[in-house]
Amino acid sequence: MPHSQIRTARCAALVGPYLSGKTTLLESLLSAAGAIARKGSVRDGNAVGDTTPEAKARKMSTEVNTASFEYLGERWSILDCPGSVELACESWNALMAADLAVVVAEAAPEKAVLLAPLFKLLDDHRIPHVLFINKIDTLGDQRVRDVVTAYQAVSARKLVLRAVPIREKGAVTGLVDLVSERAYRFNPHKPANLVALPESLRDQEAEARQALLESVADFDDGLLEKLLEDVAPDSGEVYETMVRELADDLIVPVFFGSAENDNGVRRLLKALRHEGPDVTVAAARADIPPDTAVAVQVVKTQTGSHAGKLSLARVWRGTVTDGMALGGERVSGIFRLFGHDQTKVPQAAAGDLVALGRLDKAATGDRLTEKANLGRPAGWPERPAPVHGLALHAENRNDEVKLSAAMQKLMEEDPALILDAAPDTGELVLWGQGDIHLRIAMDRLRSKFNVAVKGRAPQIPYRESIRHATTHHARHKRQTGGHGQFADIQVEIRPLPRGAGIRFEDAVVGGAIPRQYIPAVEAGIREAAARGPLGFPVVDFAVTLTGGQFHAVDSSDMAFKTVARQAMADALPACEPVLLEPILTVTVAVPSAFTPKVQRLVTGRRGQLLGFDARPGWAGWDEVKALLPQAEMQDLIVELRSLSLGVGTYVWEFERLQEVAGKAADRAVEIRREVLAAQ
């Protein structure tokens with residue numbers, strides 16, 4: 001259909017847990033809409049989504065994929081979002097562009113907890129959403145209403161079942177729509193057949209329809225009055241009420257089907273078209289100034305080593321044309337996306353989701369108008385706190401500069417990545433949401449930017465200190481041709497309280513050491529403290545310079561700096577060095593059922609429990625607070641997710657340095673020696 005005949009442009013996001021079938025549902029929706037002639041599959045690697053090498057290698061979505069198509073006079077853009085909890089930030093950003101979300105879940109009540117964080121995000125941002133219970137063919141003897149009840153326990157919004165299943169010999173073979181009261185028999189890979197309502201289902205259908213009407217009437221006084229007076233509302237009125245309540249994020253309509261077999265998918269597509277809100281509802285969330293003629297918002301950034309930068313953007317208002325100025329930059333190309341295929345178009349209208357070329361200054365979340373870049377709106381989702389890190393280095397040392405530039409582009413694509421040049425260890429540490437997340441980033445560095453990197457667990461920034469005081473006399477004397485080197489000092493070294501740092505005191509009297517050499521002594525002491533007897537920086541000690549000697553000709557700043565380093569190297573081993581490890585305050589968030597397991601996890605990692613309490617704003621969740629050694633944190637997120645069905649998370653901050661002894665200290669010193677020997 002020509003652009004001028006398109007009535008409106010809509011956008012929906014497919015979100016849900018890993019393996020719930022989102023990419024398969026995308027293929028089924030595209031097939032039902034006539035946008036593809038033949039369905040692909042994740043298994044065969046030929047789906048419209050998941051076209052990157054990283055996705056194909058893992059047989060999972062690793063980033064948001066977009067498919068734009070036309071269906072019954074409307075342009076639709078479907079955002080297929082990754083389900084891995086490690087890639088949740090991708091989904092969060094995509095949801096901000098959508099008119100509504102389709103939450104895809106399996107017909108498995110035991111997996112309901114996986115939806116809790118997603119429902120919370122949708123409700124916090126008032127994003128309209130429907131629930132599609134996928135893989136209905138695996139339901140077995142369970143009832144659909146029991147599945148809905150399990151999911152209702154993790155949703156603050158009312159789940160409203162839109163249909164009841166038709167069962168034959170224990171299998172779901174069709175459905176009865178509770179609004180139109182029409183019955184359909186599934187016809188795998190083809191449209192469902194309209195059939196007569198089975199007599200055996202009449203009572204069940206009537207009961208379920210009454211439950212739907214009562215749920216909808218909770219937010220509509222007119223409908224409630226009719227129900228109280230036993231007046232049956234017509235289907236049109238029910239539809240109209242549900243459309244309004246869905247747009248206001250008051251209810252969550254529930255559909256079911258099988259994306260693999262194309263069952264229930266056409267019913268879902270029609271519901272999206274007829275019942276989903278239009279672009280004005282989502283645009284209001286973006287907080288665009290009312291006097292703006294043209295406004296777009298960037299929801300994803302894509303960069304390449306040769307193709308340049310593309311900004312996936314939703315047009316909220318007006319018409320964007322190729323070459324026009326947005327946010328102080330000129331648009332260089334407008335593209336509709338269909339998986340990895342890009343089609344250049346001359347313009348994009350309100351509601352369209354398109355990629356805009358060469359907006360180098362625009363970042364994900366930015367709102368762009370003809371006059372300015374307004375930045376992100378106040379309600380944009382916060383970047384998740386990092387929970388896993390890898391120390392990176394280029395396989396080819398000549399690629400170190402290229403690595404830095406490539407990482408900057410990669411972090412533009414994925415805001416959940418954080419690159420930290422750790423001053424304590426000298427390592428370049430990439431932080432993210434888990435090992436899979438970081439390995440995907442490393443693969444992208446190779447495939448997109450031709451930079452091969454290796455990663456390892458980051459070094460722990462141990463420190464060392466001393467337990468006892470000592471005095472020491474050191475002399476540095478070297479005679480060469482011409483001027484020699486001479487310096488002589490006497491020092492007292494003593495421990496300080498934790499957190500005191502390094503303190504230097506000058507107690508020289510009578511000019512034993514000229515004033516100009518005192519700073520060199522302090523500099524030598526601080527340089528020597530960079531590596532103590534155990535191999536780590538030394539902290540929390542004081543050095544008092546009490547006396548010494550100098551030579552009028554051979555003394556120099558260099559000589560006194562050298563003798564200070566020598567004094568520290570000789571004296572510190574006699575002060576009973578002690579290893580200090582960083583202790584973190586860790587706050588773990590999990591559903592309450594997993595709290596006891598988290599407590600055991602913490603104590604099993606040399607942690608100290610500080611207590612737990614209800615997680616603010618999260619019904620049925622706890623926060624467990626504890627002190628944990630940083631050395632015990634590297635794979636904590638892996639074990640935490642394993643014991644909490646993947647939904648547990650944590651935040652952390654540095655608390656203090658604390659003495660560590662025994663096997664943990666011996667192992668830390670051994671590893672440090674290996675690292676230093678390899679340098």
Side-chain angles (χ1 to χ4, degrees), residues 397 400 422-427 459 461-496 500-580 665-666 668-679:
R397 291 199 172 187
E400 292 292 347
D424 298 320
T425 62
E427 295 176 313
Q459 297 178 52
Y462 290 101
R463 294 289 185 269
E464 56 183 278
S465 192
I466 56 175
R467 285 194 175 127
H468 299 303
T470 190
T471 60
H472 189 73
H473 171 242
R475 171 171 288 191
H476 173 64
K477 183 177 181 181
R478 180 176 298 173
Q479 195 63 46
T480 59
H483 291 303
Q485 295 185 35
F486 179 87
D488 183 293
I489 61 172
Q490 296 174 7
V491 293
E492 294 178 354
I493 303 175
R494 66 183 188 278
L496 291 176
I502 300 173
R503 186 184 305 163
F504 175 77
E505 299 166 348
D506 172 19
V508 176
V509 295
I513 300 175
R515 309 306 306 167
Q516 68 263 33
Y517 296 138
I518 303 299
V521 175
E522 180 178 1
I525 288 168
R526 293 186 180 277
E527 285 183 10
R531 183 184 300 181
L534 304 180
F536 299 97
V538 188
V539 296
D540 301 339
F541 69 95
V543 176
T544 302
L545 179 62
T546 59
Q549 299 180 46
F550 76 102
H551 189 278
V553 176
D554 293 340
S555 289
S556 64
D557 284 345
M558 181 59 70
F560 274 96
K561 183 183 290 188
T562 301
V563 79
R565 291 197 299 262
Q566 177 183 318
M568 290 288 289
D570 294 341
L572 285 177
C575 296
E576 195 176 342
V578 59
L579 187 66
L580 304 177
D666 294 342
V669 172
E670 179 185 347
I671 292 174
R672 180 64 170 176
R673 285 172 180 162
E674 293 173 357
V675 170
L676 293 176
Q679 290 179 349

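No hydrogens, no waters, no symmetry mates; every other heavy atom, side chains included, goes into these values.
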Interatomic spacing from [atom1] in [X] to [atom2] in [Y] - rounded to 0.5 Å:
X	Y	atom1	atom2	value
L534	R672	CG	CZ	10.5 Å
Q490	H472	CD	NE2	10.5 Å
I525	E527	CD1	CD	11.0 Å
Q549	H473	CD	NE2	6.5 Å

Between [X] (side chain) and [Y] (backbone), is there a donor-acceptor pair under 3.5 Å?
X	Y	value
Q485	S556	no
T471	E492	no
E427	Q459	yes

* Can you tell which of R475, H551, H476 makes a side-chain hydrogen bond (donor to acceptor under 3.5 Å, both in side chains) with D488? ->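 Considering R475, H551, H476, a side-chain hydrogen bond (donor to acceptor under 3.5 Å, both in side chains) with D488 is found only for R475.
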* Structure fact -> Residues passing the ring pair (Phe, Tyr, Trp, His ring centres under 6.0 Å) test with Y517, sequence neighbours excluded, are F560
* Asked: Are F536 and R463 close enough, and set up right, to give a side-chain contact (heavy atoms from CB on, under 4.5 Å), and what steps lead you there?
  -> CA-CA 5 Å; F536 299 97; R463 294 289 185 269; 5.6 Å; no
* **Test side-chain contact (heavy atoms from CB on, under 4.5 Å) applied to V521 and F504, step by step** => CA-CA 9 Å; V521 175; F504 175 77; 4.1 Å; yes
For a quick test of reading the model, state the closest non-hydrogen atom pair linking [X] to [Y] and the distance between them.
X	Y	answer
T544	E505	OG1-OE1, 2.8 Å
G524	R565	O-CG, 3.3 Å
Y462	P537	O-CD, 3.9 Å
A474	A567	CB-CB, 3.7 Å
I489	I513	CG2-CD1, 3.9 Å
S465	D540	OG-O, 3.3 Å

* Give the intermediate values and the outcome of side-chain contact (heavy atoms from CB on, under 4.5 Å) for residues I518 and R515. => CA-CA 5 Å; I518 303 299; R515 309 306 306 167; 4.3 Å; yes
* Can you find a heavy atom in the side chain of T562 that is under 4.5 Å from one in the side chain of R478? ->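 The answer is no, as the side chains (C-beta and beyond) never meet within the 4.5 Å cut-off.
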* To do: Might you work through the side-chain contact (heavy atoms from CB on, under 4.5 Å) test for D506 and E522, ending with a clear yes or no?
  => CA-CA 9 Å; D506 172 19; E522 180 178 1; over 6 Å; no
* **CZ/R494: more than 12 non-hydrogen atoms of other groups inside 6.0 Å** => yes
Check: residues 568-580 side-chain donor-acceptor pairs under 3.5 Å, at least two apart:
{"unit_1": "E576", "atom_1": "OE1", "unit_2": "H468", "atom_2": "NE2", "d": "2.6"}
{"unit_1": "E576", "atom_1": "OE2", "unit_2": "R467", "atom_2": "NH1", "d": "2.9"}

